[in-house]
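Data first, discussion second: the structure below is written as structure tokens.
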Amino acid sequence: MGLNDSSPGAMRNGRGLSDQWAESVVVRPRTTERHITVHKKLVLGFALSILTLIIVTAVAVVLSVRYEECGARGSPEVGSRAPGGSSRLNGSRDRAGDRGEEEVQPWRSSRLPGTLRPRHYELRLAVCMDNFTFSGDVSIEIECVNATRFIVLHTDRLEVDRVSVTAEGSGSGRFSNRPGGGVMRIHRHFAFPLNQMYVVVLHRELKPMRLYRLNISFDAAIEDELLGFFRSSYTLHREKRHLAVTQFSPIHARKAFPCFDEPIYKATFSLTLRHDQQYLSLSNMPVESSVLSEEDGWVTNRFSRTPRMSTYYLAWAVCNFTYRETQTDSGVTIRLYARPDAISSGAGDYALHITKRLLGFYQDYFQVQYSLPKLDLLAVPNIRTLLWRTGA
Ligand SMILES: *[C@@H]1O[C@H](CO)[C@@H](O)[C@H](O)[C@H]1NC(C)=O
Ligand SMILES: *[C@@H]1O[C@H](CO)[C@@H](O)[C@H](O)[C@H]1NC(C)=O
Ligand SMILES: *[C@@H]1O[C@H](CO)[C@@H](O)[C@H](O)[C@H]1NC(C)=O
Ligand SMILES: *[C@@H]1O[C@H](CO)[C@@H](O)[C@H](O)[C@H]1NC(C)=O
Ligand SMILES: *[C@@H]1O[C@H](CO)[C@@H](O)[C@H](O)[C@H]1NC(C)=O
């Protein structure tokens with residue numbers, strides 16, 4: 001009650017004090033409880049963290065043991081994979097390197113490896129003058145000089161479709177179960193544009209002294225640039241006319257067909273040209289057979305086999321020219337092919353006359369007969385000279 005009799009201020013104070021006290025009294029156990037709970041939490045925290053630490057350490061130890069075991073098991077592999085140290089950096093090439101494939105890489109040389117020698121080219125081309133494209137297939141008879149798993153030859157800007165390699169049997173060689181002949185399995189084939197090469201990697205080696213046949217089919221454009229198999233144009237009766245001719249010397253045959261495009265690789269060539277019958281086609285050799293297809297109005301001209309020669313001597317043309325001809329005393333026919341208006345106006349007669357005299361002169365001078373049955377001169381309009389001739 002005394003507490004109630006006190007002044008309101010004192011009461012307030014007393015109350016306040018008692019309240020404070022009361023509070024403090026009430027609070028104290030609370031704070032101790034808090035301390036206790038804090039302690040409990042700390043302990044629990046410590047316990048938990050220690051437990052965690054133990055678990056983590058245990059896991060780490062287990063893991064490190066496992067890791068060491070793995071490392072111990074893995075290290076011999078690494079060692080075997082990189083015995084020389086250098087092949088480890090070449091990564092995925094290692095496995096192929098075991099078989100000696102990528103270590104050689106003959107296509108990285110600017111010259112052909114010399115392990116193979118072409119003997120004969122069977123070349124067939126379909127020339128489309130409407131959209132200036134041509135598609136072809138070449139079948140090259142190859143003699144193996146040194147054993148190799150790589151066939152390296154030249155291509156430039158040709159899109160290769162199909163590749164096949166067969167071993168030519170001693171007899172007909174047609175049947176793959178014959179011991180002498182059969183299809184050679186191709187590991188992979190790819191272009192190496194840096195050296196204008198095409199590479200065929202085989203599963204097995206080609207054997208020296210044996211003959212093989214490499215077939216490649218390809219597509220390409222007839223470019224407007226005076227190299228390889230290119231196009232040219234002229235105007236006749238106010239109409240634009242086109243022709244397609246070759247310029248292979250020195251290294252542009254590879255733009256027209258896959259070949260061993262170095263002068264030392266001499267071979268014979270059998271060319272077959274297919275084109276619209278509105279055009280005529282010419283090559284080094286005379287036309288052996290000419291077949292007109294009633295279906296599409298295309299003509300297929302097969303030319304005689306050439307003598308043994310380098311790729312850059314090969315030449316052909318698809319044009320709508322007419323010609324004038326003469327014969328040398330030794331019986332070689334010389335023809336000048338040019339645009340019809342030039343022929344009818346006699347513009348080419350001088351060239352024809354000069355060529356006849358020159359050929360006679362050279363034959364007398366060198367005492368060597370001109371080796372081909374004919375000589376064609378072609379007046380290619382854009383070049384404005386009689387640049388193109390057939391024959392060696
Ligand atoms: C990778 O291999 C090539 C031959 O294929 C070799 O010339 C080159 O030195 C190798 N690179 C390394 C880093 O060993
Ligand atoms: C060009 O024309 C021929 C037929 O004349 C066709 O077979 C070929 O696909 C054509 N090429 C392109 C690239 O259009
Ligand atoms: C390769 O081409 C030649 C001539 O075109 C042909 O007779 C031969 O059957 C072809 N070989 C293969 C495997 O395609
Ligand atoms: C091919 O083998 C002969 C020995 O038979 C060797 O003299 C020549 O260097 C070899 N050529 C190539 C390109 O490996
Ligand atoms: C080829 O020339 C003949 C006559 O000279 C002409 O009728 C024909 O249309 C020409 N063809 C082409 C494709 O230029």
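Counting starts at 1 for both ligands and their atoms, following the listed order. As the structure is a computational prediction, the values presented were derived from the model and not from experiment.
When only interatomic distances are considered, the shortest N/O to N/O separation between Trp298 and ligand 2 does not fall below 3.5 Å.
Tyr198 and His189 are linked by a side-chain donor-acceptor pair at a separation below 3.5 angstrom, with hydrogens and angles left out of the test. Looking only at atom types and distance, the side chain of Thr333 has no donor-acceptor partner in the side chain of Glu325 under 3.5 Å away.
Contact between Thr133 and ligand 2 is present, with at least one heavy atom of the residue lying under 4.0 Å from the ligand.
Ring pair Tyr337/Tyr323 is tilted by interplanar angle, where 30° to 60° counts as tilted.
Atoms of ligand 2 lying under 4.0 Å from at least one heavy atom of Cys128, given by number and element, are 1 (C), 2 (O), 3 (C), 4 (C), 5 (O).
The aromatic ring centres of Phe248 and Trp316 sit less than 6.0 Å apart. In this structure, the ring of Phe132 has its center no less than 6.0 angstrom from the ring center of Phe229.
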Mind listing the N or O contacts between ligand 3 and protein, cut-off under 3.5 Å?
unit_1: ligand 3; atom_1: 2 (O); unit_2: Ser139; atom_2: OG; d: 3.4
unit_1: ligand 3; atom_1: 2 (O); unit_2: Asn215; atom_2: OD1; d: 3.3
unit_1: ligand 3; atom_1: 2 (O); unit_2: Asn215; atom_2: ND2; d: 2.3
unit_1: ligand 3; atom_1: 5 (O); unit_2: Arg124; atom_2: NH2; d: 3.3
unit_1: ligand 3; atom_1: 11 (N); unit_2: Asn215; atom_2: ND2; d: 2.9
unit_1: ligand 3; atom_1: 14 (O); unit_2: Asn215; atom_2: ND2; d: 3.3

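Between the Asn301 side chain and the Ser290 main chain, no donor and acceptor come within less than 3.5 Å of each other.
The ring-ring contact (aromatic ring centres under 6.0 Å, His included) test applied to Tyr121 returns Phe257, Phe269, not counting sequence neighbours.
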